[in-house]
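Residue numbers start at 1 and run along the sequence shown.
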Amino acid sequence: MLANTSPFKWLIDFLIPIRCVKCGAILEDKEGLCPSCWPLITFTAKPYCQCCGLPFDFDIEEGAMCGACQQERPSFKTARSVFTYTGESKDLILKFKHTDHLSSAPIFAEWMANNLENIENPLCVPVPLHWTRLFMRTYNQAGLLAQRIARQKGWTYDPSLLMRKHRTPSQGHLSKKDRVKNVERVFCVPEKKKRDLAGKTILLIDDVYTTGATLEACSKTLLKAGAHEVHALTLGRVKKS
């Protein structure tokens, strides 16, 4: 037993050891990834698009935007992600999203919170699930992350500010055009919540940024309802080749 470790903590760590969020290997003293899995995850680092956070494959001046954002600026002011969604990283999100691997939520939220840039006291709002999907899944993974981030930062978490009016088909195999159509007019801000939203900065949280269609639809809805600006934050980011 380590000299600075209490007997109680040592017993808890022995009975319920900290494990790597990817492979499950036992970790000695800190949550996250083991030394073998850490280099397999492509964490987002500069340079990236100042607006949507898309990583660049080459050095470029600070504040540069990708071609897509130059052509059509998204409704959200910025979007940031922790890591690139690859074959190695997707199991982190899929286990968290579909197999009740909820013990990963604290470290994922910590990674996400550390990825934020100069946002002052926003309302933390998750991308909502339709109530039927929430009933079947029993939790909203974006909500768990948003709640943890708000708690870490001392910000307000409001899961009822944004609602999904209609249940939409899974977007897993849809093109960007079809994704945009799939989430069109799907989200709304309840009338009674518009006063809470007026003039506020929103931190919109989801698990994966794929094409940006969902984040764009949510951002448009929030801004139309009176938000001052929207910043998006996700765990993973799909990077098209």
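Applying the ring-ring contact (aromatic ring centres under 6.0 Å, His included) rule to Trp131 yields no partners; only residues at least two apart in sequence or on another chain are considered. Every residue two or more places apart in sequence or in another chain was checked for a salt bridge (Lys or Arg N to Asp or Glu O under 4.0 Å) with Lys153, and none qualifies.
Looking at Gln147 and Pro159, their side chains never come closer than 4.5 Å, going by heavy atoms from C-beta outward. Here the side chains of Leu129 and Phe135 are not in contact, with every heavy-atom distance at 4.5 Å or above. When side chains are defined from C-beta on, Leu162 counts as touching Leu222, because their heavy atoms get closer than 4.5 Å. Looking only at side-chain heavy atoms (C-beta outward), Ile119 and Leu233 stay at 4.5 Å or farther from each other. By the 4.5 Å heavy-atom criterion applied to side chains, Cys23 and Cys34 are counted as neighbours.
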Side chain to side chain contact (heavy atoms under 4.5 Å, CB included), that's the test. Do Phe58 and Ile60 meet it? Break it down for me. CA-CA 6 Å; Phe58 47 85; Ile60 194 169; 3.9 Å; yes
Is there a side chain to side chain contact (heavy atoms under 4.5 Å, CB included) between Tyr85 and Leu235? Walk through the geometry before answering. CA-CA 9 Å; Tyr85 189 83; Leu235 187 59; over 6 Å; no
Begin from the C-alpha positions of Lys46 and Glu62 and carry the test salt bridge (charged side-chain N to carboxylate O under 4.0 Å, His left out) through to its verdict. CA-CA 9 Å; Lys46 293 182 178 181; Glu62 186 82 15; 3.1 Å; yes
So Val21 and Glu31, side chain to side chain contact (heavy atoms under 4.5 Å, CB included) or not? Walk me through it. CA-CA 8 Å; Val21 292; Glu31 291 180 310; over 6 Å; no
Please evaluate residues Leu33 and Ile107 with respect to the criterion side chain to side chain contact (heavy atoms under 4.5 Å, CB included), reporting the C-alpha separation (whole Å), side-chain torsions for both, the decisive distance (0.1 Å), and the verdict. CA-CA 10 Å; Leu33 295 164; Ile107 190 62; over 6 Å; no
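Here the side chain of Asn140 pairs a donor or acceptor atom with the backbone of Val127 at under 3.5 angstrom. The main-chain N or O of Gly236 is found under 3.5 Å from a side-chain atom of Thr234 such that the two form a donor-acceptor pair. A distance-only check finds a donor-acceptor pair linking the side chain of Gln70 to the backbone of Met65 [under 3.5 Å].
Thr78 and His231 are linked by a side-chain donor-acceptor pair at a separation below 3.5 angstrom, with hydrogens and angles left out of the test. Side-chain atoms of Thr44 and Ser81 form no donor-acceptor pair, as typed in the model, at a separation below 3.5 Å.
Heavy-atom contacts from other residues, nucleotides or ligands closer than 6.0 Å to CG of Asp59 number 12 or fewer.
Summarising the geometry of Trp111 relative to Gly32, their closest heavy-atom pair is CZ2-CA, 4.2 Å, with the distance given to 0.1 Å. The two atoms that bring Arg148 and Ala109 nearest to each other are CB-CB, 3.3 Å, heavy atoms only. Nearest heavy-atom pair across Leu123 and Asp196 is CD1-O, 3.6 Å. Contact record, Cys52 with Cys69: CB-SG, 3.6 Å, taken as the closest heavy-atom pair. Nearest heavy-atom pair, Cys49 versus Cys66, reported as atom, atom and distance to 0.1 Å: SG-N, 3.2 Å.
Cation-pi contact between Arg237 and Tyr209: present, with separation from the ring centre below 6.0 Å and deviation from the ring axis of at most 45°.
The salt bridge (Lys or Arg N to Asp or Glu O under 4.0 Å) contacts involving residues 68-93 comprise Lys22-Glu88, Lys22-Asp91, Lys77-Glu229, Arg80-Glu117, where partners must be two or more places apart or lie in separate chains.
Phe96 and Phe108 have their aromatic ring centers within a separation under 6.0 angstrom.
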